[in-house]
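Note that this is a predicted model, so its numbers are computed, not measured.
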Amino acid sequence: MVKVTGDYLNNQKSFADAGIKTPTYDIKQKNGATKWVHFGGGNLFRAFHAAIADRLLESGDLDAGVVVAETHDEKVVDEVYQRYANRTLRLITHEDGRFEKELFAPVSDAMFFDQSNPEGWNKMFGIFKNPALQLATFSITEKGYNLWDANGVLLPLVQADINDGPEKPKNNMASLTVLMFARYKAGKYPMALVSTDNFSQNGERLQKSVVTIAKGWQEKGFVPTEFIDYLQDPNQVSFPLSMIDRITPNPSETVSKRLKEDGFEDYEITHTPGHTNLAAFTNTEVVHYLVVEDNFPNGRPALEKAGVILADRDTVNDADEMKVTTCLNPLHTALAVNGSLLGFESISEEVKDTDLLNLIKQIGYVEGLPVVTDPKVINPRKFIDQVVNKRLPNPYIPDKPQRIASDTSQKLAVRYGVTIKHYVDDPARKPSDLHFIPLVLATWCRYLMGIDDQGKSFTPSPDPLLKELQPLVQDIKLGESTNVHDHLKELLSTQSIFGHDLYQVGLGKEVEHYFAKQIAGKGAVRKTLQETLAKYAQEVK
């Protein structure tokens with residue numbers, strides 16, 4: 001048996017016998033000042049960012065480990081990092097059942113970053129006050145940056161943080177702004193704040209959130225105007241854009257069993273009270289991309305040596321739009337809401353379904369791909385081919401539609417709104433050419449009812465707007481006559497959700513039409529999908 005905490009330097013054979021590749025460095029001997037902090041210690045970081053840091057430590061291009069600041073669930077630090085000596089066993093799963101197993105140990109320290117944990121809180125301030133710090137990366141999910149409700153009003157917690165000043169922030173963006181204020185006061189030291197979360201214009205969203213809080217404090221006299229200037233000077237603080245792509249679901253029971261059979265002792269999966277699924281291992285796919293705007297005012301590690309594509313801002317924008325608005329994320333969301341209604345438990349099983357496979361092909365190849373700008377560093381057609389034919393069908397990536405359906409209200413404006421905008425702006429196209437994107441938007445409205453296609457109740461995945469949106473459809477009964485417009489008009493005209501007032505762009509009535517068909521009775525979601533495919537589907541070669 002081999003453990004993730006075993007002595008991999010002096011007992012290499014036991015790891016090799018278990019098929020596990022190990023580092024050649026000892027993180028305790030990497031004594032340089034911290035150059036890289038990462039916020040969000042979940043599975044994506046452990047499968048992707050940690051691998052990048054590992055490669056740079058191996059090559060000598062990084063002389064200190066990454067410090068992880070977990071902001072969501074303190075048990076992540078206790079049950080994953082501390083329990084397993086800050087190490088991770090990453091498994092790349094292939095469609096044919098092969099596993100590539102590699103031990104990573106690039107994390108020098110991990111902490112729960114919250115004022116309830118004074119030790120971690122103070123450590124992070126010490127790091128941010130050090131001029132050696134070059135970058136902080138983030139994988140805190142899209143909602144981690146959001147300060148506003150659906151009407152664009154600051155959330156009460158955020159407004160309270162602004163009113164109370166920098167002393168006791170509760171929102172994680174306010175906590176980050178306090179860190180940057182400490183760095184400003186220590187010497188106006190430069191650095192890069194790099195969002196690597198999976199949504200468009202992520203760097204701009206991060207900057208907007210930080211600057212919004214800082215300006216709120218400045219208006220109340222808590223911070224000087226010069227602090228705002230510091231945050232808005234790209235030669236001092238940059239907010240690079242990025243496009244990240246690596247499907248990294250929760251730890252798989254199938255993988256856990258395989259590890260046990262292979263003689264790996266730390267195979268068990270832990271479920272925290274905060275609903276985080278944890279393990280000593282993380283399972284992920286072969287295909288991966290990270291494209292980052294090369295804007296680091298305090299220098300950076302040689303990220304390109306670890307497979308990161310460094311590019312200019314326009315190229316990152318194009319790569320991001322290609323992925324997030326066309327070639328992957330819209331397909332994922334379509335599968336998520338349909339899968340939840342149709343009773344699927346895995347994405348890989350969904351793409352075996354002819355109707356659902358044809359749906360995502362129509363959204364990706366037919367409606368999205370013609371309006372995508374080629375970023376050159378990644379070929380869009382090949383990218384979507386990988387998604388449809390290789391990545392989504394992989395049964396060893398046990399991703400669930402219910403996980404992907406989380407926070408859908410925060411995703412629609414980008415995943416579909418950008419493509420809709422192209423159809424609005426391009427004289428050669430018109431929104432009425434779209435059939436399958438409106439169908440998915442209607443399906444999400446149907447999903448909000450919390451009733452599946454067989455008429456059984458289910459609990460929708462977590463979403464910050466559920467409490468606001470579900471009452472709009474909660475009194476609708478399957479098979480009963482309903483004034484759909486009265487129920488949906490408020491929702492479909494909400495630009496912050498869809499990126500547009502859907503009525504103004506000519507799609508509101510189309511969405512209403514599909515929704516009306518989907519509530520006709522049991523099986524109506526499937527029937528509507530099949531009828532729409534029969535009427536509008538184009539051949540994809």
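- Salt bridge K101/D262: present, at least one basic N to carboxylate O contact under 4.0 Å.
- The aromatic rings of F48 and H288 sit perpendicular to each other, their planes meeting at more than 60°, with 30° as the lower class boundary.
- A cation-pi arrangement is present between R391 and F383 under the rule of less than 6.0 angstrom and at most 45 degrees off the ring axis.
- The shortest side-chain heavy-atom distance between L303 and L310 falls under the 4.5 Å cut-off.
- At a threshold of 4.5 Å between non-hydrogen side-chain atoms, the residues F264 and M1 do not count as touching.
- Judged as a side-chain hydrogen bond (donor to acceptor under 3.5 Å, both in side chains), and not counting sequence neighbours, K208 has no contacts.
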Could you give the side-chain donor-acceptor pairs of residues 531-541 under 3.5 Å, partners two or more places apart or in another chain?
residue : atom : partner : partner atom : Å
E531    : OE1  : K517    : NZ           : 2.7
T532    : OG1  : T528    : O            : 2.7

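- Aromatic ring orientation, F39 versus F138: parallel (interplanar angle below 30°, classes split at 30° and 60°).
- Side-chain atoms of E510 and Y514 include a donor-acceptor pair closer than 3.5 Å.
- Between L491 and F498, the shortest heavy-atom distance links the atoms O-CE1, 3.2 Å.
- In this structure, R258 satisfies the cation-pi test against F99, with its NZ or CZ atom closer than 6.0 Å to the six-membered ring centre and inside 45 degrees of the ring normal.
- For K75, there are no side-chain hydrogen bond (donor to acceptor under 3.5 Å, both in side chains) partners two or more places apart in sequence or in a different chain.
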message: Applying side-chain contact (heavy atoms from CB on, under 4.5 Å) to K260 and E268, what does each step give before you reach the verdict?
response: CA-CA 9 Å; K260 182 180 180 182; E268 294 183 347; over 6 Å; no
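- For the pair R90 and F104, the cation-pi criterion (under 6.0 Å, within 45° of the ring axis) is not fulfilled.
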